[in-house]
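Please read the structure below before turning to the comments.
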Amino acid sequence: MSTSGTPMPHTQDHASAIEIRAIVEAWALFRDSGAWSEFGALWHDGAWITTTWFQGSYLNFIEAGKEAFARGVQVNHFLGGHTSVVHGHRAIAQTKMKIEQRTRAHGVEVDVVCTGRFYDFLERRDGRWGIVRRQPIYEKDRLDVVDPSASITLDQQLLASVPVGYRHLGYVQTLAGQRVLDELPGLQGEAVEHLYTSGRRWLAGTEADTLRPVFPQRSTTEES
């Protein structure tokens, strides 16, 4: 098994791979520009998504995204290298990504940058590929002040309580009152290995019960 978590087959469905890549790229553009109708068309009914601050159906994610967009929340997604494995009517896609969020922390304007991968479970239904589950893998992040002359002091206890892959992103989201999830997949560890196993089972046609995983929320005592 490769560290990518999905064995590469000897042959590849190139037409499907092109369509899947187009879906992944459209996801970032439609999400960040607030094109919610077009964004919704990228999913299949019953699809599930997990992020640092959300877990649930894609329909609820769209409603939450609309509300945040209306409040002026600034989040951008940038994509890099991509690969997909197609097996019949199912596929797994991985895409390098970077999340950028501009917000305020302790009264100071900051940019948070988180690097990782989108790990997507896709299915072809009625001749159309769509996402049935999206699980980001959070590998590392950082926080920068926007004004070079400004300085900021972080709460080290709160910072240390957030998993390392999305430590600063989770920190500012916690300050903003969001309930940040715990134990999300990172570059290494049990969570990402479990994700890889789910991906292999999905391709083999045996995975159905983990398409809607539930991750624990960080305790309120850590957020105080």
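- Relative orientation of the Tyr58 and Trp43 rings is parallel, given thresholds of 30° and 60° on the angle between their planes.
- Looking at Trp48, its side chain never comes within 3.5 Å of a backbone N or O of Gln55 through a donor-acceptor pair.
- Atom CG of Asp120 and atom CH2 of Trp129 lie 12.0 Å apart (nearest 0.5 Å).
- For the pair Tyr119/Val192, no side-chain contact is recorded, criterion being any heavy-atom separation below 4.5 Å from C-beta on.
- Follow the hydrophobic side-chain contacts under 4.5 Å out from Val112 and you reach Val108 in the same cluster.
- Within the 4.5 Å cutoff, side-chain heavy atoms of Arg133 are placed close to those of Leu195.
- Hydrophobic clustering, with ILVMFWY side chains joined whenever heavy atoms are under 4.5 angstrom apart, groups Leu158 together with Leu154.
- Between His106 and Thr153, every side-chain heavy-atom pair lies at or beyond the 4.5 Å cut-off.
- Applying the 6.0 Å contact sphere to NZ of Lys140 captures no more than 12 heavy atoms from other residues, nucleotides or ligands.
- A perpendicular orientation is assigned to the rings of Phe69 and Trp36, their planes being inclined by more than 60° (bins at 30° and 60°).
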Does the side chain to side chain contact (heavy atoms under 4.5 Å, CB included) test come out yes or no for Thr115 and Lys96, once each step is laid out?
CA-CA 8 Å; Thr115 302; Lys96 289 294 294 183; 4.2 Å; yes
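- For the pair Asp155/Tyr171, a side-chain contact is recorded, criterion being any heavy-atom separation below 4.5 Å from C-beta on.
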Test side chain to side chain contact (heavy atoms under 4.5 Å, CB included) applied to Arg31 and Val75, step by step:
CA-CA 9 Å; Arg31 160 67 179 80; Val75 181; 4.2 Å; yes
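- Proximity of Val85 to Arg90: side-chain heavy atoms (C-beta onward) are nowhere separated by under 4.5 Å.
- The closest side-chain heavy-atom distance from Phe61 to Phe39 is below 4.5 Å.
- Val162 and Val164 end up in different hydrophobic clusters when Ile, Leu, Val, Met, Phe, Trp and Tyr side chains are linked at under 4.5 Å.
- Under the 3.5 Å distance criterion, the side-chain polar atoms of His87 are left unmatched by any main-chain donor or acceptor of Trp202.
- For residues 69-78, the pairs satisfying side chain to side chain donor-acceptor pair (under 3.5 Å) are Asp32-His77, with sequence neighbours left out.
- Side-chain contact check for Phe121 versus Leu203: every heavy-atom pair is 4.5 Å or farther apart.
- Counting only N and O atoms by type, the side chains of Ser198 and Arg201 include no donor and acceptor under 3.5 Å apart.
- The neighbour count for Gln188 CD, taken as heavy atoms of other residues, nucleotides or ligands under 6.0 Å away, does not exceed 12.
- Transitive grouping of hydrophobic side chains (ILVMFWY, heavy atoms separated by less than 4.5 Å) keeps Ile137 and Phe78 in distinct clusters.
- Side-chain contact between Trp27 and Arg134 is present, with heavy atoms from C-beta onward closer than 4.5 Å.
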